[in-house]
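I have placed the structure first, in the form of structure tokens, so that the comments after it can refer back to it.
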Amino acid sequence: MLNPQQSFVGPLLAWHEENGRHRLPWREPGRSAFEILIAEILLQRTTAASVSGAYLPIVARYPSPETVVAANPEAIERRIAPLGLAKRAEFIRRTSQQLVARHSGDVSRRYADLLELHGVGAYTARSVLTHAFDEDIAAVDTNVRRLISRFFDLPPDSGTLPHLADGLVPSRRGSDFQHAMLDFAADVCTARTPQCETCPFGEHCRSSERAV
DNA sequence: AAGCCGGGGTA
DNA sequence: TACCCAGGCTT
């Protein structure tokens, strides 16, 4: 009987190395914590494909919280509008104001500080910690929730999923592991018609015997 | 705990 | 047409 590191984490990282969405602009090396935070807000309930078209012009125009604070709020809103959930323009503006006022424009490494930012919840805060600060923690979104609940045959609304996901994170590879879960769930373990026939997990997935 | 936000892609 | 998308805020 394989442990989850052998049956889940290893194959998932291998799949990701070969098939991951490595070209997404917010994953490029050298992105600042603020640029990553902006990406995570734009990605809330919004597909990576949609955000990829709007991201570069936005961070080019607003590379720092200071530039957001100084900008015309309506100009920001116009750039967010094609993505839907236009209220996120205000999220970005208020969060930037908070960063300038409380942390002299720096994105804090403390989870509690991040959670206080307007528009930043558990998922977004954890994503910033993994991708910007290389913390060994997981961020459970709709994709990760679906993937983990299927693989371990747990109810999707189980409150243990975040803790379980944290325990799977390979040391110093939190960002890769997070991206691997997201990409795999988006491309293989999909919501409506998962590609179970070609799934690399095979029998290791505890939902493999069942119609998912 | 439930409601709400939203344009765009997909089956 | 219905469902889904790197959630979080408000009530």
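By convention in this document, chain letters (A, B, ...) are assigned in the order of the sequence lines, proteins followed by strands, and residues within each chain are numbered from 1.
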Residue pair A/A86/A/A49 against DNA chain B: nearer the 5' end by closest nucleotide is A/A86

Does CD in A/Q195 sit with more than 12 non-hydrogen atoms of other residues, nucleotides or ligands closer than 6.0 Å?
yes

*Using a cut-off of 4.0 Å on non-hydrogen atoms, how would the nucleic acid contact of A/R27 be classed: base, sugar-phosphate, or nothing?*
base

### Task
Using a heavy-atom cut-off of under 4.0 Å over every strand shown, decide if A/G121 touches base, sugar-phosphate, or nothing.
sugar-phosphate

Are the side chain of A/Q44 and the backbone N or O of A/G119 linked by a donor-acceptor pair below 3.5 Å?
yes

Residues A/R102, A/E116: salt bridge by 4.0 Å N-O rule:
yes

Taken to the nearest whole Å, OH/A/Y123 to P/C/dC5 is 12 Å

When rounded to the nearest 0.5 Å, the distance separating CG of A/D153 from OG of A/S158 is 11.0 Å

When rounded to whole Å, the CD to P distance for the pair A/E116 and C/dC9 reads 12 Å

### Task
In whole angstrom, give me the gap between the P atoms of B/dG9 and C/dG8.
24 Å

- Query: Across the strands shown, which category fits A/V51 at heavy-atom distances under 4.0 angstrom: base, sugar-phosphate, nothing?
  - Reply: nothing

Does C/dG8 have its OP1 or OP2 closer than 4.0 Å to a side-chain nitrogen or oxygen of A/T124? yes

Rounded to whole Å, CG of A/L182 lies from C1' of C/dC4 at a distance of 15 Å

From the candidates C/dC5, C/dG8, B/dG6, the one with an atom nearest any side-chain atom of A/R88 is B/dG6

C/dC3 versus B/dG3 - spacing of their P atoms, nearest Å
16 Å

Residues of residues 54-67 of chain A with a heavy atom under 4.0 Å from any atom of DNA chain C, listed by number, are none

Correct closest heavy-atom pair for A/Y55 and A/E35 would be OH-O, 2.8 Å

Report task. Answer with base, sugar-phosphate or nothing: what part of the nucleic acid does A/T142 contact at a heavy-atom distance below 4.0 Å? Result -> sugar-phosphate

5'-most contact on DNA chain B (nearest-nucleotide basis), A/T47 vs A/T193, goes to A/T47

Here the distance between atom P of B/dT10 and atom CG of A/D187, to the nearest Å, is 12 Å

To the nearest angstrom, the CG-C1' distance between A/L83 and B/dG9 comes to 13 Å

For A/A81, report the nucleic acid contact type (base, sugar-phosphate, nothing); a contact means any heavy atom under 4.0 Å.
sugar-phosphate

On DNA chain C, more 5' by nearest nucleotide between A/F91 and A/R21 is A/R21

Is the count of non-hydrogen atoms from other residues, nucleotides or ligands lying under 6.0 Å from A/H103 atom NE2 greater than 12?
-> yes

Next item on the list: Select base, sugar-phosphate, or nothing to describe what A/A122 touches, counting heavy atoms under 4.0 Å on all strands.
Entry: sugar-phosphate

DNA chain C nearest-nucleotide lookup for A/G119 and A/N143: closer to the 5′ end is A/N143

Between CG of A/L85 and C1' of B/dG8 the distance, given in whole Å, is 12 Å

To the nearest angstrom, the CD-C1' distance between A/Q44 and C/dC4 comes to 16 Å

Check if the side chain of A/R192 and the base of C/dC4 share a donor-acceptor pair of N or O atoms closer than 3.5 Å. no

Atom NZ of A/K87 and atom C1' of C/dT10 are separated, to the nearest Å, by 7 Å

Distance col, row A/I38:CD1 vs A/T124:OG1, nearest 0.5 angstrom, shows 11.0 Å

Rounding to 0.5 Å, atoms CG (A/L147) and CZ (A/F152) come to a distance of 8.5 Å

